[in-house]
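Basis for what follows: all heavy atoms, side chains included, without hydrogens, waters or symmetry-related copies. In this chain, residues are counted from 1 in sequence order.
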Amino acid sequence: MTEAGGPVGPTGTAHARYAPGTPCWVSLMAHGLTATQAFYGELFGWEFQPGPQQLGPYVRAMLDGREVAGIGQLAPDRHLPVAWTPYFASDDVDSTAETVRLCGGTIGVGPLEAAEAGRLAIGSDTSGAVFGVWQAGAHVGTEITGVPGTPVWYELTTYETAGVRKFYATVFGYEEQPTPAADFDHVTLRVGGRPVAGVHGVGAALARDLGPHWTTYFEVADVDAALTLVAGLGGRVLEPAHDSAHGRVAAVADPEGAHFSLIQDAR
């Protein structure tokens, strides 16, 4: 990630500011707020505190007293997908939202104030994948990364990267680094020369029930142990643990069906 903050170490990286375009927060909207807190509290060791209520009941997940993610409750009449949504930092959310529209994306929520915490918008890119934009006020975003229980990477899975990568480069000013392999459609998005997210085109392998979507990777100390815990807590293993160039990885879903990934030794 690219931002001003403390060094990486055994206690993680503390963040005081995020550079524009950097993923700075991740939020889940679920139907059962209490049950969802219980699941993630057991899995990641999170505790919870009340957050802004502009979009309904909402809590902030805390790890050792520092904010790492948010969970909100969907209204009973809102039949929306239960999913983790990444938020990208902006110095001016209103300007960013207008650029999203001009580049062919949509803004479904906001821009609006989240009390003194900051200002937000939620929209979708040209492929339909949902993301958020966050302009920090009192709430900078995820306050610590680099330790188990914190988000560490964000990956957009879509049909092909050519169109959507131009959208994100224009909206957030990303530098791009395509993967050299000719048969692998992937690009890494960079801010200030450092990787912050990825875009992966999978063609016909794109799951129809999900469509284009962002996946959040959470760091864990032991992926295999975490998978056992996920299953025991009522979640599902979608992709068994396997070793990759970036660490040991697995894909899972929580009891309401929200997809996310687990990664061990992410640094």
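Relative ring orientation between Phe172 and Phe131 is described as perpendicular, the plane-to-plane angle rising above 60° on a 0-90° scale split at 30° and 60°. Taking the six-membered ring for Trp and thresholds of 30 and 60 degrees, His139 and Trp25 have ring planes more than 60 degrees apart, a perpendicular arrangement. Taking the six-membered ring where the residue is Trp, Tyr174 and Tyr168 present tilted rings, their angle falling between 30° and 60°. Aromatic ring orientation, Phe184 versus His200: tilted (interplanar angle from 30° to 60°).
Residues Met62 and Ile144 do not share a hydrophobic cluster, clusters being chains of Ile/Leu/Val/Met/Phe/Trp/Tyr side chains in contact below 4.5 Å. Under the 4.5 Å side-chain heavy-atom criterion for Ile, Leu, Val, Met, Phe, Trp and Tyr, Phe39 and Val237 are members of the same hydrophobic cluster.
A distance-only check finds a donor-acceptor pair linking the side chain of Glu256 to the backbone of His31 [under 3.5 Å]. Ser95 places no side-chain N or O within donor-acceptor distance of the main-chain N or O of Asp92, the cut-off being under 3.5 Å.
Across all non-hydrogen atoms, the minimal contact from Val252 to Leu238 is O-CD1, 3.4 Å. Nearest approach of Thr216 to Pro151, heavy atoms of both residues: CG2-CB, 4.0 Å. Shortest non-hydrogen contact noted between Ser27 and Tyr58 is OG-OH, 2.9 Å. Here the closest non-hydrogen pair linking Val223 and Gln264 is N-OE1, 2.9 Å. When all heavy atoms are compared, the tightest approach of Arg60 to Ala117 is NH2-CB, 3.3 Å. Here the closest heavy-atom approach between residue Cys103 and residue Thr170 is recorded as SG-CG2, 3.4 Å.
Under the 4.5 Å side-chain criterion, counting only non-hydrogen atoms from C-beta, Val82 is not in contact with Met29. Side-chain contact between Val199 and Val164 is present, with at least one heavy-atom pair separated by less than 4.5 Å. Side-chain contact between Phe218 and Val152 is absent, with no heavy-atom pair separated by less than 4.5 Å. Arg119 is listed as a side-chain neighbour of Asp94, based on a closest heavy-atom distance under 4.5 Å. By the 4.5 Å heavy-atom criterion applied to side chains, Tyr40 and Leu233 are not counted as neighbours. Val93 has its side chain out of reach of Leu120: every pair of non-hydrogen atoms, C-beta onward, lies at least 4.5 Å apart. For the pair Val220/Ile263, no side-chain contact is recorded, criterion being any heavy-atom separation below 4.5 Å from C-beta on. Ile122 is not listed as a side-chain neighbour of Ile107, based on a closest heavy-atom distance of 4.5 Å or more.
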Trace of the side chain to side chain contact (heavy atoms under 4.5 Å, CB included) decision for Tyr87 with Val133: CA-CA 5 Å; Tyr87 284 71; Val133 183; 5.8 Å; no
I would like to know whether Thr150 and Leu63 meet side chain to side chain contact (heavy atoms under 4.5 Å, CB included); could you show each step before the answer? CA-CA 8 Å; Thr150 61; Leu63 191 65; 3.8 Å; yes
The test is side chain to side chain contact (heavy atoms under 4.5 Å, CB included); show your working for Leu210 and His259 and say whether it passes. CA-CA 10 Å; Leu210 292 176; His259 291 207; 3.6 Å; yes
Step by step, work out the side chain to side chain contact (heavy atoms under 4.5 Å, CB included) result for Asp254 and Leu28. CA-CA 11 Å; Asp254 70 18; Leu28 171 67; 3.8 Å; yes
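Of the charged side-chain nitrogens involved, none lies within less than 4.0 Å of a carboxylate oxygen, so that Glu176 and Arg190 do not count as a salt-bridged pair.
A donor-acceptor pair shorter than 3.5 Å can be found between the side chains of Thr106 and Ser124. Using modelled atom types, one finds a donor on one side chain and an acceptor on the other under 3.5 Å when comparing Glu155 with His186.
The 12-atom threshold is exceeded at CD of Glu239, counting heavy atoms of other residues, nucleotides or ligands nearer than 6.0 Å. In the displayed structure, Tyr159 atom OH is contacted under 6.0 Å by at most 12 heavy atoms of other residues, nucleotides or ligands. No more than 12 heavy atoms of other residues, nucleotides or ligands sit less than 6.0 Å from atom CD of Glu47.
To the nearest 0.5 Å, atom CD of residue Glu160 and atom CG of residue Asp185 are 7.0 Å apart. For the atom pair CG of Leu74 and CG of Leu33, the computed distance is 10.0 Å after rounding to the nearest 0.5 Å. Separating the CZ atom in Phe167 from the OG1 atom in Thr161 is a distance of 15.0 Å, to the nearest 0.5 Å. Here the OG1 atom belonging to Thr22 is positioned 15.5 Å from the CH2 atom belonging to Trp134, to the nearest 0.5 angstrom. Atom OG1 in Thr34 sits 7.5 Å away from atom CD in Gln73 (nearest 0.5 Å). The CG atom of Leu156 lies 6.0 Å from the CG atom of Asp125; values are rounded to the nearest 0.5 Å.
Checked against the 6.0 Å centroid threshold, Phe260 and Tyr217 do not count as a close aromatic pair.
Between Trp214 and the choices Tyr154, Phe88, Trp153, the ring pair (Phe, Tyr, Trp, His ring centres under 6.0 Å) rule is met once, by Phe88.
For the side-chain contact (heavy atoms from CB on, under 4.5 Å) test, residues two or more places apart in sequence or in another chain that qualify with Ala89 are Tyr18, Cys24. Every residue meeting the side-chain contact (heavy atoms from CB on, under 4.5 Å) condition with Asp224, not counting sequence neighbours, appears here in chain and number order: Asp222, Ala241, Arg248.
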